[in-house]
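Whatever order the structure lists them in is the order used to number ligands and atoms, beginning at 1.
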Amino acid sequence: MNERIGIVGAGLIGRAWAIVFARAGCSVAIHDSAPETLAACRTLLRDNVSDLAQHDLISETPDTVLRRITPAATLAEALKGAALVQENVRETLEAKQAIFAEMDRLTGHETILASSTSWIPASSFSAALAGRGRIMVGHPVNPPYLVPLVELAPAPWTTPDAVERARDLYARAGQTPVLLKKEITGFLLNRIQGAVLNEALNLYAGGYASIEDLDKVMKDGLGMRWSFMGPFETIDLNAPGGVIDYAARYGKAYRDVACEQAGNDWDPELLARIHAERRAALPVAQMGERSRWRDNRLMALVAHKRKRVS
Ligand SMILES: NC(=O)c1ccc[n+]([C@@H]2O[C@H](COP(=O)([O-])OP(=O)(O)OC[C@H]3O[C@@H](n4cnc5c(N)ncnc54)[C@H](O)[C@@H]3O)[C@@H](O)[C@H]2O)c1
């Protein structure tokens with residue numbers, strides 16, 4: 001693909017999006033309001049793209065990919081001629097409202113304006129804008145050049161044509177777009193992650209298991225299948241007669257458990273206990289090294305998943 005893409009905000013997520021689109025062949029202009037962040041960007045991008053090359057996750061040289069990414073000193077320069085602008089500034093409603101008002105003024109209505117926001121619905125920062133029909137959320141998972149999911153969450157007034165064009169752009173860039181049919185806080189991924197986290201916190205607080213064992217339930221249990229099939233396909237295959245058969249066997253148990261599954265108020269004392277256990281297992285000084293280990297495991301998993309036949 002050879003579209004022009006504008007990236008606004010050159011922090012963790014903005015840089016990662018730049019890699020996604022440059023790797024797919026796009027010309028990417030990246031802008032940050034902090035000149036020092038923009039200046040630091042090149043080295044950080046080089047590190048990430050070199051890691052991808054080491055895991056055979058790019059088909060060109062790092063230099064070829066990096067050459068497609070140009071720093072833009074002004075917002076207007078980053079937006080010029082863009083088919084899609086991906087916004088990645090800080091996560092406050094005021095920041096999103098201000099940047100979208102400015103981007104709406106600076107671009108023609110054919111340009112898609114998408115926000116990486118994790119929690120803020122598009123309707124809350126686009127309602128008053130003339131070009132609101134092309135504004136939506138395109139929520140990535142960190143880092144999007146390794147985890148392909150992007151949640152498309154349009155506002156009620158986003159046009160179907162704009163959603164379809166965004167879906168097509170993300171898909172051609174190698175991402176996996178999913179559509180939120182109507183707005184809800186947390187979109188899809190963070191609601192599901194929240195349900196798991198709340199239950200894990202409750203099980204720990206109730207003294208049912210250690211943190212280490214609760215993490216194992218996911219990494220050596222549920223997560224094994226969930227990295228290549230979702231919960232619905234999982235239950236469909238877990239009873240000989242499919243979903244209906246599974247529900248007949250286990251539905252009552254899940255209904256009973258659901259009655260016991262309360263929310264969790266994220267009590268600071270509980271979180272402090274968990275934090276202390278985590279720091280005993282992983283001292284602060286080792287967190288950077290462990291994060292790098294995680295990213296490398298993720299790259300190996302991506303390489304493995306690319307070999308799948310369907
Ligand atoms: N970090 C994650 O895991 C993650 C995952 C998914 C989505 N997101 C979302 O992505 C967005 C960015 O998060 P991040 O982690 O990259 O934050 P970050 O703090 O690393 O980066 C934000 C960048 O935006 C720049 N900025 C602020 N105002 C600006 C403006 N008006 N114009 C241009 N640049 C501006 C800042 O200088 C900073 O470099 C947030 O909305 C966040 O919720 C984050």
### Query
side-chain contact (heavy atoms from CB on, under 4.5 Å) between Asn142 and Leu12: does it pass, once the steps are laid out?
CA-CA 8 Å; Asn142 181 39; Leu12 191 67; 3.7 Å; yes
### Worked check of ring-ring contact (aromatic ring centres under 6.0 Å, His included) between Tyr208 and Tyr204
CA-CA 6 Å; Tyr208 293 98; Tyr204 175 74; over 10 Å; no
### Message
side-chain contact (heavy atoms from CB on, under 4.5 Å) for Val178 and Val150? Distances and angles first, verdict last.
### Response
CA-CA 6 Å; Val178 294; Val150 51; over 6 Å; no
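Here the heavy atom of the protein found nearest to atom 9 (C) of ligand 1 is Ser116 O, 3.3 Å. Looking from atom 6 (C) of ligand 1 to the surrounding protein, the closest heavy atom is Pro140 O, 3.4 Å. Among all non-hydrogen protein atoms, the one lying nearest atom 30 (C) of ligand 1 is Ser33 OG, 3.5 Å. For atom 21 (O) of ligand 1, the nearest non-hydrogen atom of the protein is Gly11 CA, 3.4 Å. Nearest protein heavy-atom contact of atom 20 (O) of ligand 1 is Leu12 N, 3.2 Å. Taking atom 22 (C) of ligand 1 as the reference point, the nearest protein heavy-atom neighbour is Asn88 O, 3.5 Å. At the top of the distance list for atom 43 (O) of ligand 1, counting protein heavy atoms only, stands Glu91 OE1, 2.8 Å.
Between atom 40 (C) of ligand 1 and the options Val89, Val141, Ile13, Asp32, the minimum heavy-atom separation is to Val89. Among Ala72, Pro35, Cys41, Ser118, the residue whose heavy atom sits closest to atom 8 (N) of ligand 1 is Ser118.
Screening Val302, Asp295, Leu301 for a side chain to side chain contact (heavy atoms under 4.5 Å, CB included) with Met299, the sole residue that qualifies is Asp295.
In summary, the atoms of ligand 1 found under 4.0 Å from a heavy atom of Asn142, numbered by their order in the structure, are 3 (O). Listed by number with element, the atoms of ligand 1 under 4.0 Å from a non-hydrogen atom of Thr37 are 39 (O). Taking every heavy atom of Lys96 and a limit of under 4.0 angstrom, the matching atoms of ligand 1 come to 40 (C), 41 (O). Atoms of ligand 1 lying under 4.0 Å from any heavy atom of Gly9, numbered from 1 in the order shown and given with element: 24 (O), 34 (N). Annotation for ligand 1: atoms under 4.0 Å from non-hydrogen atoms of His139 are 6 (C), 7 (C).
Distance check for atom 37 (O) of ligand 1: a protein heavy atom is found below 4.0 Å. Within a 4.0 Å radius of atom 17 (O) of ligand 1, the protein contributes no non-hydrogen atoms.
Arg90 CZ: 12 or fewer foreign heavy atoms inside a 6.0 Å radius.
Heavy atoms of Arg15 come nearer than 4.0 angstrom to ligand 1 in no pair at all. Within the 4.0 Å heavy-atom cutoff, Ala95 does not count among the residues contacting ligand 1.
At least one donor-acceptor pair under 3.5 Å links the side chain of Arg134 to the backbone N or O of Gly108. Judged by distance alone, the side chain of Arg132 and the main-chain N or O of Ile135 form no donor-acceptor pair under 3.5 Å. With hydrogens and angles ignored, the 3.5 Å screen pairs a side-chain donor or acceptor of Asn296 with a backbone N or O of Arg292.
When heavy-atom distances to ligand 1 are checked against a 4.0 Å cut-off, Ile99 comes that close only through its side chain, counted from C-beta outward.
Using a 3.5 Å distance cut-off with no hydrogens or angles, the side chains of Trp119 and Thr185 do not pair a donor with an acceptor. A donor-acceptor contact under 3.5 angstrom links the side chains of Glu91 and Thr117, judged on distance only.
Of all non-hydrogen atoms in Trp157 and Ala127, the two that sit nearest each other are CZ2-CA, 3.4 Å.
Taking 4.5 Å as the limit, some side-chain heavy atom of Asn88 sits within range of a side-chain heavy atom of Trp17.
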